[in-house]
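Report on the following structure.
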Amino acid sequence: MSKRVLIVGGVAGGASVATRVRRLDESAEVIMFEKGPHVSFSNCALPFHLSGIVASSDDLVLMTPWEFEHQYNIQARIHSEVVGINRNDKTIDVKNVVTNEITKEAYDVLVLSPGANAIIPKGVAGVDLRHVFTVRNVPDIANIKTHIDDNNVEDIVVVGAGFIGLEVAENLKLAGKNVTIVEAANQVLTLLDYDMAQTLHREIVNHGVNLIVDDCTVEITEDAVVLQSGKRVKAQAVVMAIGVKPEVSLAVGAGLEIGETGGIKVNHHYQTNDPSIYAVGDAIEVTHFITQKPTRLTMAGPAQRQARAAADHMYGKTYRNKGIIGSSVVQVFDMNAASTGLNTKDCKALGIDHRISYVIPGDKVGLMPNANPLFFKLVYAYPSGQILGAQAVGKGAVDKRIDIIATMITMHGNLADLAELELAYSPMYGTAKDVVNHAALVGLNLLNGDYKQVEVSEVRGLVEGGAFIIDAREPDEYEEGHLINAVNIPLSQFRNRLDEIPKDQPVYVHCRSAQRSYNMTRALNQLGYNDVYNISGSYLGISEYEWYNDQINDRKPIVTKYNFN
């Protein structure tokens with residue numbers, strides 16, 4: 001007897017379950033239910049319609065019900081909302097959203113892939129006005145575009161600076177609009193540590209976007225957004241992108257177990273507490289590979305793997321569920337930002353003893369065209385050296401570097417493994433000692449106590465406290481911009497100027513990107529200077545860290561001129 005598999009929701013999770021079941025069982029009856037007009041579309045590409053990069057909203061639709069039926073023998077029923085699950089008789093109640101007619105459908109196996117809903121903040125007046133939008137599906141993005149075009153909208157506020165918020169803001173700016181981003185946290189893209197986000201802050205502001213952080217929306221009017229600080233920002237359109245919450249109402253109504261993070265609780269085969277019901281995608285609770293703690297992840301790649309695993313289990317195939325690490329990448333104008341695993345905020349919150357290696361080498365050989373600095377932060381456990389996570393920001397291939405780290409984490413790699421990792425090299429694509437190898441070697445030096453460092457976040461305190469800071473760059477570089485109290489003792493001269501370097505107080509050394517200062521630090525340690533610190537990130541990192549904070553706080557800079565190249 002053929003199996004009847006019913007699937008609630010399409011897109012990455014539901015559609016992947018459906019097609020995998022078909023590949024495993026040609027005789028199965030497979031039916032997907034989607035309450036909207038599209039069962040398969042590119043969620044991640046939605047914002048790109050606002051700039052015209054994706055010319056038509058129809059282009060966002062990947063497969064139609066006709067294609068599912070004729071190519072895969074899968075029924076894809078749109079405008080069909082599943083409103084109830086009757087576990088005792090293994091049926092679901094399906095509402096036709098056009099006619100309001102409700103019918104019952106029997107299942108042998110039921111799969112829930114309802115996704116997540118945009119969070120709408122409570123207590124904010126005006127969130128239900130007609131010019132306030134969220135971004136979840138094709139009609140949502142089409143409605144935003146139509147409203148902007150039909151009403152000649154020029155001033156737009158995007159509330160939230162995660163992936164969707166940043167992409168929506170960028171594409172609206174590319175379309176020539178006046179865009180403001182409002183973020184309640186003190187930085188954009190909170191998957192990154194605060195120091196790594198500063199480069200993105202500068203990039204956003206330099207592209208003409210009004211960026212407001214550490215402030216939140218309290219009211220939306222017909223022509224403005226009012227913030228907690230009292231600021232009033234002009235807006236004829238508002239896009240709410242502050243995050244999502246799992247859609248679990250159907251599961252709750254059916255008595256399925258909900259996990260501690262608010263997602264549907266599943267086992268390692270993605271079964272709920274009812275073995276006939278599976279759940280995948282944004283609505284479920286998953287396990288973090290490193291911490292082994294429950295978490296949630298709204299990413300298409302993991303959803304597709306979950307879907308395959310669930311379908312395989314229906315047919316007796318085993319699956320090794322290793323959990324998730326949360327790898328991601330996003331473009332922010334001319335910069336790219338990627339991360340994987342844990343950041344330092346995560347480690348501190350979890351009580352994980354850790355250290356960081358922060359390097360800013362070139363993303364390719366400097367002689368090559370379009371060579372640029374790549375800001376790379378590696379997080380590792382102390383004292384084991386096991387790799388916990390990484391973040392990368394730059395104009396080059398940050399995704400390549402983060403993918404390497406993601407692989408190392410999954411394979412339980414440590415600093416020594418990463419340092420010895422053999423990677424493809426050409427001057428056009430990287431350096432002979434790639435960014436990731438470089439970061440690992442720095443980490444090993446720190447782990448072994450070969451030298452000491454301070455992070456860029458500590459530099460302002462050192463400057464304001466009158467610390468002895470050496471600028472190890474050449475005099476012409478120093479003249480172009482320097483820390484206001486730094487003493488210029490270049491690496492090429494310091495051995496003849498040791499009498500200028502005190503031994504009775506801490507000495508802090510920096511250069512452009514921490515390489516020359518590292519070499520000076522190591523030499524000074526061997527010359528009897530026991531309290532010497534390399535400034536991690538050096539002048540490039542300091543400039544990135546200080547610039548945006550100086551702008552928004554109207555404070556006195558600690559540098560004579562910022563250096564961003």
Specify the closest pair of heavy atoms between [X] and [Y], including all atoms of both residues, with the distance to one decimal.
X      : Y      : value
Leu191 : Ser328 : CD1-OG, 3.7 Å
Thr134 : Asp140 : O-CB, 3.3 Å
Ile242 : Ile119 : CG1-O, 3.4 Å
Arg136 : Asn43  : O-ND2, 3.6 Å
Gln187 : Glu183 : O-CG, 3.3 Å
Ile181 : Gly160 : CG2-O, 4.1 Å

For a quick check under 3.5 Å, do [X] and [Y] share a side-chain donor-acceptor pair by atom type?
X      : Y      : answer
Glu247 : Asn117 : yes
Lys322 : Thr410 : no
Asn151 : Gln236 : no
Gln228 : Asp215 : no
Asp274 : Thr272 : no

Just by distance, do the side chain of [X] and the backbone of [Y] share a donor-acceptor pair under 3.5 Å?
X      : Y      : result
Asn336 : Gly396 : yes
Asn86  : Asn88  : no
Ser113 : Gly14  : yes
Asn171 : Glu167 : yes
Glu67  : Thr64  : yes
Lys345 : Thr190 : yes

Exceeds 12 heavy-atom contacts within 6.0 angstrom, atom [atom1] of [X]:
X      : atom1 : result
Tyr194 : OH    : yes
Lys90  : NZ    : yes
Lys348 : NZ    : no
Phe333 : CZ    : yes
Lys265 : NZ    : no

Next item on the list: Return each pair, listed once, that meets salt bridge (Lys or Arg N to Asp or Glu O under 4.0 Å) where at least one residue sits in residues 277-287; pairs must be two or more places apart or across chains.
Entry: none

State whether [X] and [Y] are salt-bridged, where the test is any N-O pair (Lys NZ or Arg NE/NH1/NH2 against Asp/Glu carboxylate O) under 4.0 Å.
X      : Y      : result
Asp155 : Lys177 : no
Asp353 : Arg355 : yes
Glu105 : Arg4   : yes

Check: Which word best sums up how the rings of His313 and His269 line up, parallel for under 30°, tilted for 30 to 60°, or perpendicular for over 60°?
Finding: parallel

Next item on the list: If the plane angle is over 60° it's perpendicular, under 30° parallel, otherwise tilted; pick one for Phe41 and His38.
Entry: perpendicular

Next item on the list: Give the C-alpha distance, both sets of side-chain angles, the deciding distance and a yes or no for side chain to side chain contact (heavy atoms under 4.5 Å, CB included) between Leu227 and Thr217.
Entry: CA-CA 4 Å; Leu227 306 183; Thr217 303; 3.9 Å; yes

Any side-chain heavy-atom pair from [X] and [Y] closer than 4.5 angstrom?
X      : Y      : result
His147 : Arg130 : yes
Leu46  : Val138 : yes
Val5   : Asp108 : no

Show me, pair by pair, the donor-acceptor contacts under 3.5 angstrom made by side chains of residues 287-300, not counting sequence neighbours?
from   : atom 1 : to     : atom 2 : distance (Å)
His288 : ND1    : Ile290 : N      : 3.1
Thr291 : OG1    : Lys293 : N      : 3.2
Gln292 : NE2    : His288 : O      : 3.3
Gln292 : NE2    : Phe289 : O      : 2.9
Arg296 : NH1    : Thr261 : O      : 2.3

Item checked: Pair Lys104-Asp89, salt bridge (charged side-chain N to carboxylate O under 4.0 Å, His left out): steps then yes or no -> CA-CA 11 Å; Lys104 284 190 181 294; Asp89 59 6; 5.2 Å; no

Check: What residues, two or more places apart in sequence or in another chain, satisfy side-chain hydrogen bond (donor to acceptor under 3.5 Å, both in side chains) together with Asp149?
Finding: Lys145

Next item on the list: Might you work through the salt bridge (charged side-chain N to carboxylate O under 4.0 Å, His left out) test for Lys377 and Asp193, ending with a clear yes or no?
Entry: CA-CA 9 Å; Lys377 185 174 186 178; Asp193 284 322; 3.0 Å; yes

